[in-house]
Amino acid sequence: MKTDFFKKFRDYFGQLASDKNTLIVLALFLLTFVIKNVMFYYDIDSEDNPYKISATAVALYFSIGLFIASLSLFCKNKYGLILVSLLYDAWLLSNLWYFRCYNDLLTHWNLQCVGNMDGIWDSVLIYINGADFFYIAISVAFILACVFLKCKAKHTVAAIALATASVLISLPLINAQVNELKKSPYIDINKELTINVFDENYNMPFYVWEVKGNRFYSINFSPLMYFANQFENCFSSSYQNIDFSKEDFEKYISKPSNTEPQAEVPNVIVVLFESLEGWTINQKVGEYEITPNLNKLVRSNNVFFTDNMGVQTANGLSSDAQLLLNTGLSPILEGAVANRFFMNEFPSLCEASNLPNRKTFVPTAHTLWNQDKITKAYDYNELFAHVCSDKTLFSNVEKYIDSTVNEGFFVQVATMASHSPFDAFSDSSLLKTSEKALPPMLDKYIKSVNYTDASLAHIIEKVMNDNRYANTILVIMGDHAVFPDETRTKFRQFFKSNNFNSDFAELDLGSWHVPFIIYSKKIQGNIYSDSESYQIDTYPTILSLINKNYYWKGLGQNLLEKKGENRMYNNNEVSAISDKLINGNFFSNVKNIKIWE
């Protein structure tokens, strides 16, 4: 019996061995699969993301390719491999372009955000190189071979055997890769926290994310396995209980007040300035100021200003900036709140203000970052969402605030002109720069920022000098930084190599920080801070000028009161707490909890 089994097994593999066309097609597929994976990791290699190909990694790519190839043996022809090859090209190139933009690989949460690209696909096109199509050229060569060789036989038993063998080979290889990567200096494990809500009768879901490692932990696997690993993490994320004392708890949540907000609630204008970096404020190119109107604002009285605010936006980018400022919560660890949790209940500055007219203005389609839904989640009751210039956008803002200034308004404005690749409105700027004085990308960025600054001029003038707006708070914050350190280094090398005699050579390009400006008659004098601050501090700072009685205090610090004191939690801990609060829709029930009695 055993002899018959082995005889049949040999016969099946003998049939496969005699089918030379099939063997050639499988070998070509494996070869191209491994080559493309190796090419991918050399393409993403840089000083910031060192990657050294190892024999273990190549063997792992081979075993993954073998598993895919073995499935084709269930069919007579092998055209399924052509489809797989093209789809994998699309996947590799998508990851390559995404990595060049965001320094990370794709997860399924990122794919949910594809709809946000409507109207801004030029932001992706700048990351495409002609050499990238070599991936497709390899697949075209493979396709021609498949068409020419024409396979016509099934090999079912061989397919099962090879698929099983590839899985068995992969397991120790994956384990070997994990053991290698555990030694990586890039692994960042959060310290453990233990928290327990003070009253066990009102147990609250505070947890901390147990970080197993950042993207370096699994980047050496193929992008396909990275995607699968991230998908699995969504269902097996590890949380640990946190012990939250009553004293700590009351720093963030207090009993909801049954009274109206503090007397004379000010009108509020919040401007989230697209990609505005801190170094642009009070900066000149030659004899011209980049942001003359913002400069006038930060030099006036009744202003708090920092150009050193740490960026905390994550996968949600501009939508994360809205989350941080409006709710005092940090972005979630996977995906974007605007896409995943727009049905949640959130605390918000809008609700704290209790002002009757609350409107968001965006110069994009309402689908961008789910703006129509997230606007309601943050308690705004109107939305202006039309593709237009920043100049037109602020013209509409002016009309709205003029018509509602006596009733009271809370307005949020998100700009777009300075969105990468900075092509749309850079030519509309009046800023003059010498030919070849700046790298083209930096030149377009500076002019785009200058254009939006000019679009803001009338709003700034109204708030500072129009008596009708004497009781108005104006907040301006960069939504996120835009130039990674690698790009800044290239800019500085440009200045050094050109070695021309101009002020541009000394242009200070700063670091990964954004400005935060708040103008209010309640602020005495002109306050500049270069102390450590973060975007999550914007909520409690604005709240202190609107309604000190509001139940949610936010997880940041009031910058008007605290200057550099030790924080209750570091950024990782804040992210962990926020992630659980949002995932558990904590605020849908918090107002009903009787812990204050």
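Atom set for the values below is all heavy atoms of this structure, side chains included, hydrogens, waters and symmetry mates excluded.
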**Study point:** Ser426, Ser420, Ser275 screened by side-chain contact (heavy atoms from CB on, under 4.5 Å) with Ser448, the one that passes
**Key:** Ser426

Looking at every non-hydrogen atom in both residues, tell me the closest pair between [X] and [Y] and how far apart they are.
X	Y	answer
Lys548	Lys553	O-NZ, 2.9 Å
Ser544	Asn558	CB-ND2, 3.3 Å
Ala352	Leu543	CB-CD1, 3.6 Å
Thr306	Tyr528	CA-CE1, 4.3 Å
Ile546	Phe410	CD1-CE1, 4.0 Å
Val303	Val298	CG1-CA, 4.0 Å

Give, for atom [atom1] of [X] and atom [atom2] of [Y], the distance between the pair rounded to the nearest 0.5 Å.
X	Y	atom1	atom2	result
Leu325	Met477	CG	CE	5.0 Å
Met416	Leu272	CE	CG	11.0 Å
Ile332	Ser575	CD1	OG	11.0 Å
His386	Leu393	NE2	CG	10.5 Å
Thr313	Gln322	OG1	CD	12.0 Å
Met464	Asn302	CE	CG	8.5 Å

Quick one, [X] and [Y] - any side-chain contact, counting heavy atoms below 4.5 Å?
X	Y	result
Lys462	Thr472	no
Leu474	Leu297	yes
Ile536	Val574	yes
Lys444	Asp423	yes
Glu351	Tyr551	yes
Ile459	Val271	no
Lys447	Leu438	no
Thr291	Val449	yes

Which residues pass the ring-ring contact (aromatic ring centres under 6.0 Å, His included) test with [X], sequence neighbours left out?
X	answer
Phe361	Phe384, Tyr400
Tyr534	none
Tyr445	Phe422, Phe483

Check for a donor-acceptor pair, side chain of [X] on one end and backbone N or O of [Y] on the other, with a separation under 3.5 Å.
X	Y	answer
Asn585	Glu345	yes
Asp379	Ser348	no
Asp466	Arg468	yes
Thr415	Asp390	no
Asn357	Gly408	yes
Asp320	Gly316	yes
Tyr539	Leu323	no
Ser389	Thr392	yes
Asp537	Gly556	no
Asn526	Ser300	yes

Exercise for review: Mind running side-chain contact (heavy atoms from CB on, under 4.5 Å) on Ile473 and Ile518 for me, showing each step along the way?
Suggested key: CA-CA 7 Å; Ile473 297 173; Ile518 182 165; 3.9 Å; yes

Exercise for review: State, without any angle test, whether Asn450 and Tyr288 hold a side-chain donor-acceptor pair at a distance under 3.5 Å.
Suggested key: no

Practice item. Mind running side-chain contact (heavy atoms from CB on, under 4.5 Å) on Ser533 and Phe516 for me, showing each step along the way? Key: CA-CA 10 Å; Ser533 65; Phe516 174 64; over 6 Å; no

Review point. So Glu274 and Ser418, side chain to side chain donor-acceptor pair (under 3.5 Å) or not? Walk me through it.
Key: CA-CA 6 Å; Glu274 175 64 39; Ser418 48; 5.9 Å; no

Practice item. Before giving the answer on salt bridge (Lys or Arg N to Asp or Glu O under 4.0 Å), spell out for Glu289 and Arg299 the whole-Å C-alpha distance, their side-chain angles and the decisive distance to 0.1 Å. Key: CA-CA 14 Å; Glu289 292 182 321; Arg299 293 167 187 164; 2.9 Å; yes

Exercise for review: Please lay out, stage by stage, how His458 and Phe394 fare under the test side-chain contact (heavy atoms from CB on, under 4.5 Å).
Suggested key: CA-CA 8 Å; His458 288 168; Phe394 282 110; over 6 Å; no

**Study point:** Steps toward side-chain contact (heavy atoms from CB on, under 4.5 Å) verdict (Asn547, Val265)
**Key:** CA-CA 8 Å; Asn547 181 3; Val265 177; over 6 Å; no

Practice item. Could you check Asp427 against Tyr451 for side chain to side chain donor-acceptor pair (under 3.5 Å), going step by step and ending with a plain yes or no? Key: CA-CA 9 Å; Asp427 290 340; Tyr451 168 77; over 6 Å; no

Within the supplied structure, the quantity of interest is the number of heavy atoms (other residues, nucleotides, ligands) at a distance under 6.0 Å from [X] [atom1]; does it exceed 12?
X	atom1	answer
Lys376	NZ	no
Lys391	NZ	no
Lys490	NZ	no

Study note, to complete from the structure: Only one of Asn295, Thr280, Asn293 passes side-chain hydrogen bond (donor to acceptor under 3.5 Å, both in side chains) with Asp453, and that residue is Asn293

Point to revise | Verdict with supporting geometry, Glu461 and Asn465, side chain to side chain donor-acceptor pair (under 3.5 Å) | key: CA-CA 6 Å; Glu461 182 66 24; Asn465 299 317; 2.6 Å; yes

